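This report refers to the structure that appears directly beneath it.
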Amino acid sequence: MPPKLYIETVGCQMNVLDSELVVGSLRRQGYELTHELDNADVIFFNTCSVRQHAEDKIYSALGRLRSHKRRHPGTIIGVLGCMAQKDQELVRRRAPHVDIVCGTGQLARLPELIAQVRQTGRPQFALSLDRKEASRHDVERSFESYDPLRDPSMRPNRFQAYVRIMIGCDKFCTYCIVPQVRGPEQSRHPDVITAEARQLADEGCKEVTLLGQTVNSYKYDLGDGRRSRLSDLLAKLHDTPGIERIKFITNFPRDMSDDLLDAVRELPKVCPYLHVPVQSGCNEVLKRMKRLYTVEYYRDMLVRCRERVPGVSISSDFIVGFSGESEPSFQRSCDLVAESGFKNSYIFKYSPRPGTKGHELYPDDVPEEIKKRRNNDLLAIQNKVSLQDHLGRVGQVVEVLVEGPSKTFLKANGQQQTGKSALSQLTGRTRTDHIVVFEGNQRLIGQTVQMVIHEATAFTLFGGVVTMEKIHQPNFDDAAVSPPQAEVALSARVSLPVI
Ligand code: 5AD
Ligand code: SF4
């Protein structure tokens with residue numbers, strides 16, 4: 001029987017991608033993926049350190065495994081990713097039954113670490129160097145971008161994929177642990193990235209989302225005096241046949257250059273969607289956060305984005321309750337959200353991270369109750385703004401990449417799909433990253449369709465298909481297209497499409 005791997009992932013898209021790649025590499029070693037912890041030979045937790053809550057979740061999951069390990073001493077338990085890099089021996093002290101502690105920059109070594117645990121019966125550590133304790137060059141070498149060959153069966157679907165274009169971060173915002181746990185900023189060679197995109201396209205991928213902690217800081221010195229920026233990379237990726245959409249996350253406000261905005265406007269495959277976290281609307285707080293810009297700069301940047309990329313949608317992140325955030329400073333964040341036109345914002349309560357400057361220099365002086373209240377208040381304002389943005393889209397025809405059954409549909413019908421021709425509630429995203437829910441045929445999954453939006457809430461657009469549906473199945477590729485009205489209004493909510 002092939003050995004079985006169970007993996008649980010918390011955190012950001014980088015972690016999702018890392019887990020996909022870990023699974024892929026162990027599959028090549030003969031492992032099978034299992035969703036049941038009880039029958040797994042190897043149990044991995046790919047962890048996040050951005051907030052305390054994410055760490056607590058992992059420690060309680062590890063606690064629950066203590067008796068499991070006693071009953072099944074042969075099972076290998078591994079802690080991977082950011083928390084492994086950050087806490088190292090502490091993980092073993094708090095959970096002595098853990099066999100592998102492997103940081104973000106060492107994931108390529110996992111097959112070897114498993115073999116060593118089996119051979120020696122001793123725990124194995126694979127960690128990168130601490131940024132303060134070695135030269136930049138040595139630290140960089142110890143954080144290796146983990147990008148083995150892609151395997152389409154690892155992704156939730158074939159037609160969308162993350163592509164890492166850089167690792168690490170050099171910004172050192174005072175609240176953030178990422179520069180420590182993901183190491184120095186290092187961009188990948190544009191040729192390596194484009195080759196990966198080509199491979200993904202050959203496997204049926206239509207949409208790539210480029211990943212970087214500060215993705216718009218991407219730069220690669222080509223060695224002949226030329227430098228490849230994100231705008232250059234986008235132009236290069238744009239030539240990949242089969243790729244229909246290119247997105248990129250997450251942007252740093254100061255690096256939102258005009259050449260990048262021009263590329264977003266000019267390259268039709270690049271989606272007009274920008275995630276540009278501001279974190280706070282108050283200059284004093286931004287200064288303590290060491291964000292390197294003022295709120296006036298950020299406002300001007302928003303104007304510039306909208307001028308240079310007409311129709312662009314913009315989303316943001318906020319931290320509430322950072323050290324010293326007074327009621328008036330919080331109010332400035334509220335004002336910014338109210339006037340911003342953000343599509344959505346992710347709002348977080350400040351969580352002090354040992355190892356950051358913020359933790360060292362500033363007290364965590366906003367009580368939890370106040371953080372909670374500010375979180376709710378800011379969210380309520382953002383929800384109004386999102387609703388406005390969404391209502392403005394009612395009646396529009398938009399292009400949607402259909403992703404799969406909606407969460408509501410899956411909850412009601414279980415994970416299994418009801419057959420390719422079945423009608424179900426589906427979900428997809430527009431080029432501006434808006435979620436659209438509609439009723440449609442499951443064979444639309446993976447296709448880009450034109451939709452009319454006929455209803456909106458603060459979270460979701462509801463629509464109906466008005467696309468030129470391809471006919472003459474099963475040969476989709478060279479199929480003729482029927483007139484635009486061919487497949488109309490599968491949604492019960494739609495009476496007639498407005499086109
Ligand atoms: N506490 C709360 N939120 C944080 N973030 C990063 N570090 C912290 C922290 N210590 C948030 C920021 C970032 C997002 C990914 O997580 O808003 O943009
Ligand atoms: Fe963290 Fe700031 Fe780097 Fe983003 S830019 S990963 S918030 S240090």
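Values reported hereafter were calculated over all heavy atoms of this structure, with side chains retained and with hydrogens, waters and symmetry mates removed. Everything quoted here is computed from the prediction, not taken from an experiment.
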*asked:* What's the separation between atom NZ in Lys371 and atom CZ in Phe322, rounded to the nearest 0.5 Å?
replied: 10.0 Å
_Check: Val42 and Thr75 side chains under 4.5 Å, non-hydrogen atoms_ = no
_Is it the case that over 12 heavy atoms from other parts of the model lie below 6.0 angstrom from the NZ atom of Lys219?_
yes
*Is the backbone N or O of Thr460 less than 3.5 Å from a side-chain atom of Thr457, with the two atoms forming a donor-acceptor pair by type?*
yes
*Answer yes or no: is there a side-chain heavy-atom contact under 4.5 Å between Glu403 and Leu426?*
no
_Check whether Arg158 reaches the backbone of Glu203 with its side chain - one donor and one acceptor, N or O, closer than 3.5 Å._
yes
*Please lay out, stage by stage, how Thr427 and Val436 fare under the test side-chain contact (heavy atoms from CB on, under 4.5 Å).*
CA-CA 6 Å; Thr427 171; Val436 183; over 6 Å; no
*asked:* Going by the rule ring-ring contact (aromatic ring centres under 6.0 Å, His included), which residues pair with His238 if we only count those two or more places apart in sequence or in a different chain?
replied: none
*Check whether NZ of the Lys or CZ of the Arg Arg188 lies under 6.0 Å from the centre of the six-membered ring of Tyr220 and within 45 degrees of that ring's axis.*
no
*Is it true that a side-chain atom of Arg155 and a backbone atom of Gln160 form a donor plus acceptor pair closer than 3.5 Å?*
yes
*Could you walk me through whether Arg245 and Glu399 pass salt bridge (Lys or Arg N to Asp or Glu O under 4.0 Å), step by step?*
CA-CA 11 Å; Arg245 286 180 172 195; Glu399 182 203 280; 3.0 Å; yes
_If you count heavy atoms of other groups shown closer than 6.0 angstrom to NE2 of His53, is the number above 12?_
no
*Keeping the roles fixed (side chain from Asn216, backbone from Asp255), state whether a donor-acceptor pair exists under 3.5 Å.*
yes
*Is the Lys NZ or Arg CZ of Lys4 less than 6.0 Å from the centre of Tyr31's six-membered ring, within 45° of the axis?*
no
*So, are Glu55 and Lys86 salt-bridged, with charged N and O less than 4.0 Å apart?*
yes
*Side-chain (Ser340) to main-chain (Phe342) donor-acceptor, under 3.5 angstrom*: yes
*Got Tyr175 and Arg291 here, is their nearest side-chain heavy-atom distance under 4.5 Å?*
yes
*For the pair Thr250 (side chain) and Thr214 (backbone), establish whether a donor and an acceptor sit closer than 3.5 Å, ignoring hydrogens and angles.*
no
_I need the single residue from Ser316, Pro277, Ser315 that forms a side-chain contact (heavy atoms from CB on, under 4.5 Å) with Ser345. Which is it?_
Ser316
_Between Arg393 (side chain only) and Leu461 (backbone N and O only), is there a donor and an acceptor less than 3.5 Å apart?_
no
*What residues, two or more places apart in sequence or in another chain, satisfy side-chain contact (heavy atoms from CB on, under 4.5 Å) together with Lys343?*
Tyr273, Ser313, Asp389, Asp433, His434
For a quick test of your reading: what N or O donor-acceptor pairs under 3.5 Å do the side chains of residues 11-21 make, sequence neighbours left out?
residue: Asn15; atom: OD1; partner: Arg182; partner atom: NH2; Å: 2.5
residue: Asn15; atom: ND2; partner: Val10; partner atom: O; Å: 2.7
residue: Asn15; atom: ND2; partner: Thr47; partner atom: O; Å: 2.8
residue: Asp18; atom: OD1; partner: Arg164; partner atom: NH1; Å: 3.1
residue: Asp18; atom: OD1; partner: Arg164; partner atom: NH2; Å: 2.7
residue: Asp18; atom: OD2; partner: Arg182; partner atom: NH1; Å: 3.3
residue: Asp18; atom: OD2; partner: Arg182; partner atom: NH2; Å: 3.2
residue: Ser19; atom: OG; partner: Thr9; partner atom: OG1; Å: 2.7
residue: Ser19; atom: OG; partner: Asn15; partner atom: O; Å: 3.3
residue: Ser19; atom: OG; partner: Asn46; partner atom: ND2; Å: 3.0
residue: Glu20; atom: OE2; partner: Arg150; partner atom: NE; Å: 3.4
residue: Glu20; atom: OE2; partner: Arg150; partner atom: NH2; Å: 2.9

*Look only at the side chain of Lys349 and the backbone of Val320, and say whether a donor-acceptor pair between them is shorter than 3.5 Å.*
no
_Working to the nearest 0.5 angstrom, can you tell me the gap between His72 NE2 and Leu65 CG?_
10.0 Å
_Checking the side chain of Arg308 only, and the main-chain atoms of Val264 only, is there a donor and an acceptor separated by less than 3.5 Å?_
no
_Are His275 and Tyr346 an aromatic pair, judged by ring center distance below 6.0 Å?_
yes
*Does the side chain of Phe462 reach to within under 4.5 Å of the side chain of His454, using non-hydrogen atoms?*
yes
*Please tell me if the side chains of Leu234 and Phe248 come closer than 4.5 Å, counting only heavy atoms from C-beta onward.*
yes
*Determine whether Leu5 and Val23 make a side-chain contact, defined as any pair of heavy atoms from C-beta on separated by less than 4.5 Å.*
yes
_Any salt bridge linking Asp377 with Arg373? Criterion: basic side-chain nitrogen under 4.0 Å from a carboxylate oxygen._
yes
_Testing the 3.5 Å rule here: is there a donor-acceptor pair between the side chains of Ser386 and Asn344?_
no
_From CA spacing to verdict: side-chain hydrogen bond (donor to acceptor under 3.5 Å, both in side chains), Gln85, Thr104_ = CA-CA 7 Å; Gln85 179 62 35; Thr104 54; 5.3 Å; no
*Can you check whether Tyr297's main-chain N or O pairs, donor with acceptor, with Asp300's side chain at less than 3.5 Å?*
no
*asked:* Could you check whether any side-chain heavy atom of Phe45 comes within less than 4.5 Å of a side-chain heavy atom of Met83, counting everything from C-beta outward?
replied: no
*asked:* Less than 4.5 Å apart, side chain to side chain, heavy atoms only: is that true for Ser424 and Glu439?
replied: no
*Are Val79 and Leu62 close enough, and set up right, to give a side-chain contact (heavy atoms from CB on, under 4.5 Å), and what steps lead you there?*
CA-CA 9 Å; Val79 175; Leu62 287 172; 3.9 Å; yes
_Between Glu369 and Lys372 (salt bridge meaning N to carboxylate O under 4.0 Å), is one present in this structure?_
yes
*Taking 4.0 angstrom as the limit, do Arg265 and Asp258 come out as a salt bridge?*
no
*Step-by-step side-chain hydrogen bond (donor to acceptor under 3.5 Å, both in side chains) determination, Ser25 to Gln29*: CA-CA 7 Å; Ser25 95; Gln29 307 265 322; over 6 Å; no
*Heavy atoms of other groups near Arg254 CZ, more than 12 under 6.0 Å*: no
*Should the pair Glu244-Lys269 be classified as a salt bridge under the 4.0 Å nitrogen-to-oxygen rule?*
no
*Distance (rounded to the nearest 0.5 Å) between Thr209 OG1 and Ile249 CD1*: 6.0 Å
_Nearest 0.5 angstrom please: Ile381 CD1 to Lys384 NZ, how far?_
7.0 Å
*Would you sort out whether Phe438 and Leu444 count as a side-chain contact (heavy atoms from CB on, under 4.5 Å), showing the intermediate values?*
CA-CA 11 Å; Phe438 63 102; Leu444 291 177; 4.2 Å; yes
*Which value, rounded to the nearest 0.5 Å, describes the distance between Ile246 atom CD1 and Leu210 atom CG?*
6.5 Å
*asked:* Apply side-chain contact (heavy atoms from CB on, under 4.5 Å) to residues Leu379 and Phe318 and explain how you reach the verdict.
replied: CA-CA 10 Å; Leu379 200 57; Phe318 282 85; over 6 Å; no
*Are any of the side-chain nitrogens in Asp335 or Arg332 under 4.0 Å away from the carboxylate oxygens of its partner?*
no
